[in-house]
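Note sheet for the following structure.
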2 protein chains.
Amino acid sequence: MKKQKRTTIYDIAKKLNLNASSVSRALSNNSNVSEATRQLILATAKELNYQQNSMASNLRKGQNQTIGVIVPHINQNFFADIIAGLEEVTYQKGYNLVICQSNESYLREIKCVNTLINQHVSCIAISICADFEDDSHLRNIKEHGIPLIQFDRVTDTLDTFKVLNDNEQASMEAVSHMIEQGYKRIALLEGPQNLNIFRQRKEGYLKALKKHNYPLVPELIKENAWTKELGAESTRQLLSLPEPPDAIFASTSDFSALGVLEVATKKGLKVPEELGICGYSNEPFTEITSPSITTIDQYSVSMGKAIANLYFQEIDFMDNGSHPQTVSIKPQLIVRSSTLRNKNRV
Amino acid sequence: MKKQKRTTIYDIAKKLNLNASSVSRALSNNSNVSEATRQLILATAKELNYQQNSMASNLRKGQNQTIGVIVPHINQNFFADIIAGLEEVTYQKGYNLVICQSNESYLREIKCVNTLINQHVSCIAISICADFEDDSHLRNIKEHGIPLIQFDRVTDTLDTFKVLNDNEQASMEAVSHMIEQGYKRIALLEGPQNLNIFRQRKEGYLKALKKHNYPLVPELIKENAWTKELGAESTRQLLSLPEPPDAIFASTSDFSALGVLEVATKKGLKVPEELGICGYSNEPFTEITSPSITTIDQYSVSMGKAIANLYFQEIDFMDNGSHPQTVSIKPQLIVRSSTLRNKNRV
DNA sequence: CTGAAAGCGCTTACAG
DNA sequence: CTGAAAGCGCTTACAG
């Protein structure tokens, strides 16, 4: 009742009184077959509606032209863009993409890794979950001889290829920009510090303060404010300080920055005059809020392409244990109204 | 230099002086093996860091527990959400997802289909591209015995399982709502009419007019306005009519509606007092524009789940040619400020 | 240029 | 409960 039998190279061979090996050669179309028989074979293949069985071919060849990707969430702009970029390049190369989402769960991330190892994918690209505990599953990837590329959220306990945003530099630029706009007390909304990206963004903030001889005020730093709601809550707390901030850098995300903006608006604070706001990621909506939100573009589609290109360029080196390379993507500060309070525009 | 050899069931068998078949049985853990040997086998499997080779297993079993999805773009909220929903369910079932994007190109869509057929995926789910020409590639899927589910953008030339939004109903509700708010001349921004979804939305618009005895005014219907720029351009044309519209239904997308809003704002028109605006899709940004934009939520994550569930529920029927089922998701009108101009709220 | 054979790593009737 | 064998559909040295 299930699946009628599909045409195989044997069916073609039988019909033409040839050996299956000839058929295989003609179809892979790079070996020695006479032009005459090749044409015959291609014609009957079309006639019988032949489609290669990749499972068999891959098993025999020992690899499957597939890149596995693991992301916390597929449906977040940043990751969706990365995947789109990845897909673009892998498609050009005739590779496929298998996608898994960890849902920010460590256990699920491990399961995804195992599935991809079982599938003998050619490469695994991963951005680790917020819940990350240790790197044993990542080591397992390497132990099975599969090239591993970490991107964006990475662990440094493991020496792998990496594609990163220069979060520290971008944060530093953002905060410096706010300082140049005359803001005096700049608060930081930070994300989970077990993720490298959030540590780096904090580092950038600290460096910018230092560079401009600004004091570090601990009460202006709020942990774990990486959703709109948490951003709003932190803002309420910050604004009720005896000496409230005159600017807030939502280093976690634009969603957090949106929470800041909403609270500020509700309290009747003028943005950017009384409160400056800067987000992170350049989500589409930052352009259309009132005022529009200053943020940082991460070039996520390019990042996806960079990951794929790294694989295809380094594929030969990846196996022989040469020192893994790190590609850094430079994010760009997008200055908009929410931080522009004096005339001398940047 | 490439890939060190991986542990196979033979390695385990050899080490334990057993036959590979016993190892296979123990590992698939549902056949007859004594508890003692099973434990032994599991232990050595762990010790040797064994991971099954899915390629071999799938080849032998003739299927690969993978669902292939083809969408126009991965990084559009609607599709990203669908994929996230799909992934959620397939993950629970131990299935994998292979994702392809057609980039709205017909040729590329064909290539994606062929790749998925070659891979012997268990099911193909597709939302066709704007460039769609004919259904021969989709027929080819069925000819290869692979269950096919069309979703959202579908062709009716082929009798397949379908998961659809009730676009007509939703559009009708949206336009009726605007009529009830007292708008008299409601313009329509329509999308490419070769796609079913845009035909249905137009149909809903026409039905609503008819139901309320509103005349159909051809000059108020603008073709091909499915980006922000095209929406803006159409709006400029509409507003310079001798008798301009007092409401615009951007049936193509919220991006188009955003274009409408921007032009209206620039011209100093008050929304919703002087111009009502309704979009489509409930993109996150519609909530935070000023005014917020009335739109239609498509429950895209649920739609993704529905696709996967349809496959898992109907998997047995799909092969024996029973009449394909159609699942309809009811979208919901989200009324916001951009169309609310009188007090009696809905 | 073509054929015959082995093998990729599993699973699954078939015996015992 | 365990073993021996065949086979999933390809590809690729090896002969000729």
Side-chain angles (χ1 to χ4, degrees), chain A residues 2-42 45 48-66 115 117-122 144-145, chain B residues 2-42 44-45 48-66 117-122 144-145:
Chain A
K2 292 207 69 165
K3 310 253 165 100
Q4 61 274 42
K5 212 171 153 319
R6 289 162 62 145
T7 310
T8 71
I9 54 172
Y10 285 95
D11 300 322
I12 299 175
K14 198 180 295 171
K15 180 146 188 182
L16 294 176
N17 269 319
L18 284 169
N19 190 282
S21 41
S22 295
V23 177
S24 171
R25 280 190 280 258
L27 258 25
S28 66
N29 97 88
N30 54 353
S31 299
N32 316 328
V33 207
S34 76
E35 193 49 31
T37 52
R38 152 172 285 121
Q39 290 309 331
L40 256 173
I41 288 168
L42 292 182
L48 298 178
N49 199 8
Y50 171 79
Q51 299 251 182
Q52 188 198 52
N53 183 328
S54 316
M55 285 187 283
S57 160
N58 291 337
L59 172 60
R60 179 53 228 256
K61 293 197 284 193
Q63 63 130 334
N64 68 356
Q65 311 253 100
T66 294
T115 306
I117 293 179
N118 290 356
Q119 297 203 125
H120 279 231
V121 293
S122 308
H144 280 88
Chain B
K2 291 206 72 167
K3 309 254 164 99
Q4 60 274 44
K5 212 171 151 322
R6 291 161 62 145
T7 310
T8 70
I9 54 172
Y10 285 95
D11 300 322
I12 299 175
K14 198 180 294 168
K15 180 146 188 182
L16 294 176
N17 268 322
L18 284 169
N19 188 283
S21 41
S22 296
V23 177
S24 171
R25 281 189 280 258
L27 259 24
S28 66
N29 98 88
N30 54 353
S31 298
N32 316 326
V33 206
S34 76
E35 196 49 31
T37 51
R38 150 170 287 122
Q39 290 309 332
L40 256 174
I41 288 168
L42 292 182
T44 25
L48 298 178
N49 199 7
Y50 171 79
Q51 299 251 180
Q52 187 198 53
N53 182 329
S54 317
M55 283 187 285
S57 161
N58 291 337
L59 173 59
R60 180 55 228 256
K61 292 197 285 193
Q63 63 130 334
N64 67 355
Q65 312 254 97
T66 294
I117 291 178
N118 290 355
Q119 296 203 125
H120 280 230
V121 293
S122 307
H144 280 88

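Naming: A, B, ... by sequence-line order, numbering from 1 per chain. Computed from a predicted model, the values in this text were never measured in an experiment.
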As an exercise, state the distance from NE2 of A:His120 to CG of B:Asn53, rounded to the nearest 0.5 Å. 3.5 Å

A:Gln63 atom CD is separated from C:dG9 atom C1', nearest whole Å, by 16 Å

Whole-Å distance between D:dT2 C1' and B:Leu27 CG? 16 Å

Please confirm whether the shortest side-chain N or O distance from B:Ser22 to OP1 or OP2 of D:dC1 is below 4.0 Å. no

Heavy-atom nearest pair, B:Ala26 first then B:Val33, reads N-CG2, 3.7 Å

Starting from C1' on D:dA4, measure out to CD1 on B:Ile9 and report it in whole angstrom. 13 Å

Contact summary for A:Ile41 and A:Leu27, nearest pair of heavy atoms: CG2-CD1, 3.8 Å

Report the distance from atom NZ of B:Lys61 to atom P of C:dG9, rounded to the nearest whole Å. 17 Å

Residue matched to D:dA4 through Watson-Crick or wobble contacts both under 3.5 angstrom: none

To the side chain of B:Tyr50, which of D:dC1, D:dC10, C:dC10 is closest? C:dC10

Using every non-hydrogen atom in the two residues, find where B:Ile9 and B:Tyr50 come nearest and quote the distance to one decimal. CG2-OH, 3.6 Å

Between B:Asn19 and B:Ala56, which has a closest nucleotide on DNA chain C that is more 5'? B:Ala56

Please report, rounded to the nearest Å, how far the C1' atom of C:dC10 is from the CG atom of A:Asn58. 15 Å

Does A:Tyr10 put a side-chain nitrogen or oxygen below 4.0 Å from OP1 or OP2 of D:dG7? no

With the side chain of B:Arg25 defined as its heavy atoms from C-beta on, choose the nearest nucleotide among D:dG9, D:dT2, C:dG9. D:dT2

Please give me the minimum heavy-atom distance between A:Leu48 and A:Thr7, naming the atom from each residue. O-OG1, 2.9 Å

Donor/acceptor link under 3.5 angstrom from A:Arg6 side chain onto base of D:dG9: no

Between B:Leu59 (CG) and D:dA6 (P), how many Å, whole number? 18 Å

Can you tell me the distance, in whole Å, between the CG atom of A:Leu16 and the P atom of C:dT2? 12 Å

Which part of the nucleic acid does B:Ser57 contact within heavy-atom distance under 4.0 Å: base, sugar-phosphate only, or nothing? sugar-phosphate

By nearest-nucleotide position on DNA chain C, the 5'-leaning member of B:Gln52 and A:Ser21 is A:Ser21

Rounding to an integer number of Å, can you tell me how far A:Met55 CE sits from D:dG7 P? 19 Å

Determine: side-chain N/O of B:Ser24 to OP1/OP2 of C:dT12, distance under 4.0 Å, yes or no. no

Need one value for A:Thr37: base, sugar-phosphate or nothing, where a base atom within 4.0 Å counts as base even if backbone is also close, heavy atoms only. sugar-phosphate

